[in-house]
Each structure stands twice: as C-alpha cells, then as structure tokens.
Amino acid sequence: MFTGIIEEVGKVKGIRPGSSSFTLEVEAEKVLEGTVVGDSIATNGVCLTVTSLTGTGFTADVMPETVRRTSLGELKAGSPVNLERALQLSSRLGGHLVSGHIDGTGRVSHLKKDDNAVWMTIECSSSLLHYIIEKGSITIQGVSLTVAQVDSHSFSVSLIPHTQEVTTLHTLKVGDQVNLENDVIAKYVEKLLLPQPSEDEKMAKYKEFFGNPLRS
C-alpha cells in the first residue's frame, strides 16, 4: 500500500523492450534508502517490484497487462517519474490509501492558472467517473489529490504550488495521458452492496477462465 505522497521525482534511464512487455530502469536516490530486491515502488502510481538495484537506481519488469492498463508504455529515456516506497505501519498517512493498481487512464483536457494554484481537468471513462465524487480522493500519476469538481465526462483538481514543485504534474500538457486509481473503499462498499453470484455462477465463471477442474 501507498499514500500518494510522492517522495522523489526520478528519471527513466533506459527501457529494454520485450515482445509485449519491457524492463524499466529508473534513476533515483531517496527511494533507494532501505530498499531491497523484491520491494515495491510506485512509479507514476503503478506498483512495480524492484528486480535489481544499482548505485544510482533500480529496475522493474512491466508486464503486458500493466502496459495495456497504464501510461507506462509512453515513457522514454529521460522521462521524469513520480516515486514512492510502500507504506510502513509507522508512517503518517498524509494522503489516502493507495494500492498502486491502476484502474485506467485519462487525458488532460484543460489547464487553468488560478492565482498560486493550477486547475487541471481530466477526461476519463464513465466506469472510472462512477467512483469519483466531489471532495473525495483520486490518485493521478501516483499523486493523492482531492477532487474539486465532477461532471458527466471529466473531473477537476486544484494543484497547490508544493504539489507542482515536488511531482511531475507541472510537466503535463493538454492531451497527455495519466494513470488513475480510484479510492478503493468505494469499490469495496459497492461490491458488498451488490447481489452476490450463486455457487453455480461462480463455477461457470471459473470454467470460463480455467476450464473444467473435474476434467482429467
């Protein structure tokens, strides 16, 4: 779990592509403190497992499902990335509970200066907007933010100067793709309130994915 409070902005050092996946090499400093192979680091909001450490960074494998679901596939050498180590139980929860499991992506549709702040509007699918409420929490590129406005096809947040300074959000332009993670609490509450499938329906779904478990 994470908090959405960015610890450091790192930089992509290199990308080693596979057929439909890639290995990401990130230059960093602060998030390397106490980190060992197998630890999790949220990278632009995506929970990645550290596969190796160097004196100046770490590597992580990005599997095909992550490429499909997130904006990591748009990264290139030199791209800045928001970094956060996994939450410790002794840490202050300055943001909100963030899993690092991206629900989908959106696109920046509008940017507007408002005195010392910047209003950012993100267009996204109705399936994502379903869980977004005014004054609720949303994670954009791994950054925990408060939703200021919501309409039928987009939502807006207001970025204070500190957030602009210590994250990559100030580099975003209209049209850029961003990773979004909804507040996990809303999803759990909804599932608990919905009618649950019968055992026969569960078994049918199981067979759909894995085949008949009774077949020899």
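Index from 1, following the sequence. Note that the coordinates shown come from a computational prediction; the quantities given were computed from them, not determined experimentally.
- Judged by distance alone, with hydrogens and angles left aside, the side-chain atoms of Glu181 form no donor-acceptor pair with the main-chain N or O of Val98 at under 3.5 Å.
- Counting non-hydrogen atoms of other residues, nucleotides and ligands closer than 6.0 Å to CZ of Arg69 gives a total of 12 or fewer.
- Few gaps surround NZ on Lys187; more than 12 heavy atoms of other groups in view lie less than 6.0 Å from it.
- Scanning for side chain to side chain contact (heavy atoms under 4.5 Å, CB included) contacts around Glu134 gives an empty result, with sequence neighbours left out.
- Between Arg68 and Glu65 there is a salt bridge, since a side-chain N of the basic residue sits under 4.0 Å from a carboxylate O of the acidic one.
- Looking at Asn182 and Ile138, their side chains come closer than 4.5 Å, going by heavy atoms from C-beta outward.
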Walk me through whether His170 and Glu165 qualify under side-chain contact (heavy atoms from CB on, under 4.5 Å). CA-CA 7 Å; His170 71 279; Glu165 291 167 6; over 6 Å; no
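- Around CD of Glu74, the count of heavy atoms belonging to other residues, nucleotides or ligands within 6.0 Å exceeds 12.
- Thr163 places none of its side-chain heavy atoms less than 4.5 Å from the side chain of Ile6.
- For residues 112-125, no residue pair satisfies the salt bridge (Lys or Arg N to Asp or Glu O under 4.0 Å) rule, not counting sequence neighbours.
- Under a cut-off of 6.0 angstrom, the local environment of CD in Glu33 is crowded, with over 12 non-hydrogen atoms contributed by other residues, nucleotides or ligands.
- Test Val108, Thr139, Thr168 against Val178 for side chain to side chain contact (heavy atoms under 4.5 Å, CB included) and you get one pass: Val108.
- Here the side chains of Leu48 and Val62 are in contact, with some heavy-atom distance below 4.5 Å.
- At a cut-off of 3.5 Å, with distance as the only test, a side-chain donor of Ser52 or Thr59 sits close to an acceptor on the other residue.
- Within the 4.5 Å cutoff, the side chain of Val118 has no heavy atoms near those of the Leu169 side chain.
- No side-chain heavy atom of Tyr131 sits less than 4.5 Å from a side-chain heavy atom of Asp183.
- Using modelled atom types, no side-chain atom of Gln177 and backbone atom of Thr105 make a donor-acceptor pair closer than 3.5 Å.
- Checking Asp61 against Thr23 by side-chain atom types alone, a donor-acceptor pair falls below 3.5 Å.
- Using a 4.5 Å heavy-atom cutoff, the side chains of Asn44 and Gln141 are in contact.
- Between Leu83 and Thr43, the closest side-chain pair of non-hydrogen atoms falls below 4.5 Å.
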